[in-house]
Every structure is written in C-alpha cells, then in structure tokens.
Amino acid sequence: MTSYHSYNKLLIIAATCCGLLLSGLTGQSQEISLAAGGGIGAWHYSLNNGSRTLQPGFQAGVGYLFPLGNRWGLRTGVELGSYRAKARLNNGTTYSSYQVDSEGDAFEFQVQPEGYQEKQQLLTADVPLLLQFHPAGDQRGFYGAAGVKLGLPIRNRFNSSADRISASGYYPDLNVTFTDLPVHGFGTQPGWSGKAEYDLKPSFALSAEAGMRFTISTKSKLYIGAYIDYGLNDLKKQTPNNQLLTYQPDGLAQSKPAGVFSLPDESGAVRLLAAGIKLRWAIATTRKKKAAPVPAVIAETPAPAPVPADTAAIAITPAPEPVSPVQDTVAATPKPLPEIDPVHFGKVGDTLLAAASKTQLQQLVSTLKEDLGLNAVIEGHTCNVGNNAANEKVGLARARAVKAFLVNQGIAAERLETVSKAQHQPVAPNDTEANRRRNRRVVVKIIE
C-alpha cells in the first residue's frame, strides 16, 4: 500500500512552507478560512462489460488567502476529500488467469460471477493552489478561483459482493477442469462477499470555484459557490492480472477479491471527479511589517593605561608533550567467497530437483560445512511464460526446493534465505526455448 506517513509529512511541510512564505511578504489583509461542501465525489472510469455509477462525496478543510492586490489573491490550504463509486459486472463472463497450485503445477484459473457489484471508497488529503478574484474591500459580489489540486490517498478500500461466484481450474496437461474441490481453491460460493484495498497514485486535478461573497463584519466574510475538480492522471498503480478473485491453494474460503481494476480489458483510466456546493467562512487578518531596528549608540571606551615593564606578566609556554610514533597497520586481504553454478530447471512450472542438480549442490554443502561463518541467499528465477503472480510463486518454490535439499544434508535452516526474482532478471533473451531454459534457474550467493 501507499506510504501514508510519508504523504502526511509532505503535506505538513508543504502547507507550513507556503504559510510562512506568504504571510511574511505583505502587510495587506489576508484570510484564514474554514470550508465544507458536498455533491458528487466519485471515481470516474468506464467499464466495458458492466456499469459504473457516481456516488455522493464531500470536501472540508482549512484555507489561507495571500493577497496579490485589492481584487486578487492566491489561495492554498489543506482539505479532506471523500470519493465513492459503485461498479457492476454483467453476468455470463468468465475471467481467466494463469496460476500455480500448491504442487507447483500451472493451470488456468477461471472465475465466473453472477450479480457482482463493488463499492469503492477513497479519502484524500488535498492541497489546492488557486488564483482567486473577489470584490475589493468589504464589498459584496462575485468571486471566482481556478488552479490545480494535489490529492494524496490516505485511505482506500472496496467491498465486493456477488449473488454467486464460481472458481474452477483447467489443467491443460491433463485436459481436465476441476470445479468442486474447495480444499484446493475450486468451487461455488453463494452469497459471496469480501473487501480489500487498491494501490493508488496521488491525484493531480484541475480545480475551479465560483459564486458570491457576502460581508458579515469588517473581519468576517462568507463565500457560497459551486466547485468542480477533474483529475488529470490515472490513479491505478497496480499491474492488471485479469484476476477478479485471488487464487488460494489452501482453500476456496481463503480467496480474496482483486477488484475490477485488476481486469485489463474491463476498466479504463481511473480519475477523480468532484462537483457540488461549498461554503467558506473567512476571517481577515492583517500582518504589520516590523519597523526597522534603531541603531544603538556606541560609547567610546578609553584605551587602558600602559602597564610598566617591570610589572608585566611573562607568559610561560609549556613544552609540548612527546608524540608517540604511529604504528603502520596492514589490512588483511579478505578471502574471496566461492561461486556456485546455477541450478537449472527444464520445464515451465517445474520445481523438482533433478538427480544431476543434487550432485551439483554437493559442492555447496561441503563449502557451508567447512566454514560455519558463511550463509547463503537462494534466488529462484523463471522465464517469461505466465503472469507475474504465477512466476513469483514458481521462483519461490524453486528456491525452497534447493533449501530443503541443503537442510536434509545437514545445513542449518537459519543460514539459508530464499527469495523469488520471478522473470525480472533473465540471463538471456526469452526469444527461444533454449534461452528460456537458461532463465529457469536457481542462483545461490554465498555471503559472510
């Protein structure tokens, strides 16, 4: 998920810097305001095989107006924005993705929902920067503002539900489809529901506001106007994997919703859209410029009388302490760490060690037994066949297979670390089957 603590720090720093900079540049009347409004606050996108409806939202926050003259000002501040949407998918569509089961076998995971709907909610911390026109002085009249707005996601979630959702697995090697194995992640769930979160980017939007300003007192004003915000960038950060439901080999009940944004052929760009009526209560403040400091009068101090020669103090400089010689030290040359040849896997999705690979790993066993100060990082790699999620699992399964062999040979498990690099670090282009076999490997790195 998005690092919300970093966003909050950035927001506080930006607002503080703007306030300190602007408040120190003028002695004219400035404004500090409280605002609240509501209307439409939605995730705006299209669905090819379904529908999306806009939902109500709200905005509230504090603002600061830096005057640029009698009729112009620059407005900024911090606001909280709420955005919602509801998505529905048509019945009769099957969504397929390639997965790997608990045995390391690749298969086609097929999900078919009926009566599927998804409620999406997002809270953002917004920093607007608007150029505002307003009546001069305390006059009542039209005001307008336009500019940009930065929205930082601070909380997002979606709740999915379906009248019925079915998950099955098609194994092309066996030409068999499993539809009723709940303990392995296949079956039908009536009245299904679940919730999860999307990984979203910050939003950049065009923002505009217009209405009437009313004078309540010499220092208090009320703004009533309509606002509209339109997002410029796509909020989606995650890579679509065509999964409406995540596959869990431990059981069907463990599956979680992946959301409509994980379907690459369904949803388009996701932008924020807000429009409604906003009330702003502003209090005028005047910052007086500091007067220039008055230079102090410096009184002349008479020079001290000369000290007679026979009474002058004689400073005795102590003899320097002897410095001990610095001994030269010679750094020991570190012993080079041994290199281990990669362990290769012949087939796509294969995670079992061949007899030749076990013989090859005996060199690593001897090295780790001879020097107990050495550890190993075991990296699992794949070719580019399959999607990222499946390759992550296959890469990790290959690394764990090597670790299991080493543990059986007497190497302590805590000396071995396993990671999956999936298809992201190939040693050869994935353009031929020979090159793909070179990429299906496990790399062992010896570390101290």
Side-chain angles (χ1 to χ4, degrees), residues 1 42-55 83-102 105-122 156-172 175-200 234-270 386-390 392-393:
M1 186 176 289
W43 308 36
H44 184 59
Y45 58 91
S46 60
L47 279 178
N48 295 330
N49 191 37
S51 61
R52 182 265 311 147
T53 56
L54 301 179
Q55 298 291 306
Y83 303 87
R84 302 168 58 200
K86 180 183 291 186
R88 290 184 174 90
L89 293 178
N90 298 334
N91 296 335
T93 302
T94 300
Y95 303 95
S96 301
S97 61
Y98 290 94
Q99 304 294 329
V100 177
D101 61 16
S102 58
D105 295 326
F107 68 97
E108 184 178 358
F109 187 52
Q110 301 174 344
V111 177
Q112 187 176 50
E114 294 182 11
Y116 180 92
Q117 68 175 3
E118 182 175 308
K119 297 180 181 179
Q120 302 156 345
Q121 300 178 356
L122 171 64
N156 85 88
R157 65 181 181 183
F158 65 91
N159 297 315
S160 300
S161 62
D163 299 335
R164 173 179 175 177
I165 192 166
S166 302
S168 60
Y170 171 68
Y171 288 76
N175 195 22
V176 173
T177 300
F178 295 99
T179 59
D180 191 15
L181 287 175
V183 295
H184 292 289
F186 309 129
T188 299
Q189 299 182 77
W192 172 85
S193 64
K195 59 183 179 180
E197 293 184 353
Y198 285 121
D199 193 8
L200 301 178
D234 187 359
L235 295 185
K236 289 189 296 186
K237 189 176 181 181
Q238 62 195 57
T239 302
N241 53 20
N242 214 39
Q243 280 186 267
L244 187 64
L245 186 71
T246 63
Y247 170 69
Q248 294 293 337
D250 299 331
L252 181 61
Q254 306 299 322
S255 300
K256 302 295 182 182
V260 296
F261 295 160
S262 66
L263 307 176
D265 298 329
E266 288 296 330
S267 62
V270 179
N387 58 32
N388 184 69
E392 288 284 352
K393 294 180 181 179

**Q** Between Ser96 and Glu108, do the side chains contain a donor N or O and an acceptor N or O under 3.5 Å apart?
**A**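 Note: Glu108 and Ser96 side chains meet the donor-acceptor criterion.
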**Q** Nearest 0.5 Å, please: how far is OH in Tyr247 from OG in Ser102?
**A**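 Separation between the atoms: 5.5 Å.
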**Q** NZ/Lys86 to NZ/Lys119 distance, rounded to the nearest 0.5 angstrom?
**A**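 So the gap between those two atoms works out to 5.0 Å.
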**Q** Nearest 0.5 Å, what's the CZ-OG distance between Phe109 and Ser255?
**A**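 One finds 5.5 Å between CZ of Phe109 and OG of Ser255.
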**Q** Tell me whether Asp199 contacts the main-chain N or O of Lys237 through its side chain, where contact means a donor paired with an acceptor under 3.5 Å.
**A**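 Side chain of Asp199 to backbone of Lys237: no pair is present.
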**Q** Could you grab the distance from atom OG1 of Thr93 to atom CD of Gln112, nearest 0.5 Å is fine?
**A**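 It is 8.0 Å, given to the nearest 0.5 Å.
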**Q** What pairs with Asp101 under side-chain hydrogen bond (donor to acceptor under 3.5 Å, both in side chains), at least two apart in sequence or on another chain?
**A**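 Partners of Asp101 by the side-chain hydrogen bond (donor to acceptor under 3.5 Å, both in side chains) criterion, ordered by chain and then number, come out as Tyr171.
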**Q** Mind checking what makes side-chain hydrogen bond (donor to acceptor under 3.5 Å, both in side chains) contact with Arg157, not counting sequence neighbours?
**A**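 By the side-chain hydrogen bond (donor to acceptor under 3.5 Å, both in side chains) rule, Arg157 matches Gln121.
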**Q** Would you say the side-chain atoms of Asp180 pair up with the backbone N or O of Gly187, donor to acceptor, closer than 3.5 Å?
**A**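 It does not hold such a pair.
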**Q** For the aromatic rings, using the six-membered ring if either is Trp, is the centroid distance between Phe261 and Tyr45 under 6.0 Å?
**A**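 Aromatic pair counts; centres sit under 6.0 Å.
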**Q** Please say whether more than 12 non-hydrogen atoms of neighbouring residues, nucleotides or ligands are located less than 6.0 Å from OH in Tyr98.
**A**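 Counting neighbours around OH of Tyr98, 12 or fewer heavy atoms of other residues, nucleotides or ligands fall under 6.0 Å, so no.
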**Q** At their closest point, which heavy atom of Gly185 faces which heavy atom of Ala167, and how far apart are they?
**A**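 Closest pair (atom of Gly185, atom of Ala167, distance): O-CB, 4.0 Å.
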**Q** Quick check: does any side chain N or O of Gln120 sit under 3.5 Å from a backbone N or O of Trp43, one acting as donor and the other as acceptor?
**A**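 Here the side-chain-to-backbone pair does not exist.
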**Q** Do any N or O atoms from the side chain of Asn91 and from the backbone of Gly115 form a donor-acceptor pair under 3.5 angstrom?
**A**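 Judged by distance alone, yes, a pair lies under 3.5 Å.
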**Q** Go through the structure and list residues passing side-chain contact (heavy atoms from CB on, under 4.5 Å) with Ala253, not counting sequence neighbours.
**A**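 Ala253 satisfies side-chain contact (heavy atoms from CB on, under 4.5 Å) with no other residue.
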**Q** Can you confirm whether or not the ring centre of Tyr116 sits under 6.0 Å from the ring centre of Tyr95?
**A**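 They do not qualify: ring centres at least 6.0 Å apart.
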**Q** Does the side chain to side chain contact (heavy atoms under 4.5 Å, CB included) test come out yes or no for Thr94 and Gln110, once each step is laid out?
**A** CA-CA 6 Å; Thr94 300; Gln110 301 174 344; 3.9 Å; yes
**Q** Would you check, one step at a time, whether the test side chain to side chain contact (heavy atoms under 4.5 Å, CB included) holds for Asn175 with Tyr170?
**A** CA-CA 7 Å; Asn175 195 22; Tyr170 171 68; 3.0 Å; yes
**Q** Rounded to the nearest 0.5 Å, how far does CG of Leu244 lie from OG of Ser160?
**A**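 Answer for the OG-CG pair, Ser160 versus Leu244, is 7.0 Å.
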**Q** Considering only heavy atoms from C-beta outward, does the side chain of Lys236 approach that of Ser267 to under 4.5 Å?
**A**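 A side-chain contact under 4.5 Å exists here.
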**Q** Any chance you could measure Asn90, atom CG, to Asn49, atom CG, to the nearest 0.5 Å?
**A**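 It is 4.5 Å, given to the nearest 0.5 Å.
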**Q** For Leu252 and Thr188, work out which heavy atoms get closest and say how close.
**A**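 Heavy atoms only, the tightest pair is CD2-N, 3.9 Å.
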**Q** Where is the tightest heavy-atom contact between Ser97 and Asn387, given as atom of each residue plus distance?
**A**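 Of all heavy-atom pairs spanning Ser97 and Asn387, the closest is CB-ND2, 4.2 Å.
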**Q** Does the Lys256 side chain pair with the main chain of Gln248, one donor and one acceptor, at a distance under 3.5 Å?
**A**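 Not confirmed, Lys256 side chain does not pair with Gln248 backbone.
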**Q** Can you give me the closest heavy-atom contact between Pro257 and Gly194, atom names plus distance?
**A**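 Shortest heavy-atom contact: CG-C, 3.7 Å.
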**Q** Do you know which two heavy atoms are closest between Ala389 and Gln243, and how far apart they sit?
**A**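 Shortest heavy-atom separation between Ala389 and Gln243 comes out as CB-OE1, 4.4 Å.
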**Q** Where the side chain of Thr246 meets the backbone of Ala258, is there a donor-acceptor pair that is under 3.5 Å apart?
**A**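 It does not hold such a pair.
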**Q** Can you check side chain to side chain contact (heavy atoms under 4.5 Å, CB included) on Tyr198 and Val260, steps first, answer last?
**A** CA-CA 10 Å; Tyr198 285 121; Val260 296; 3.9 Å; yes
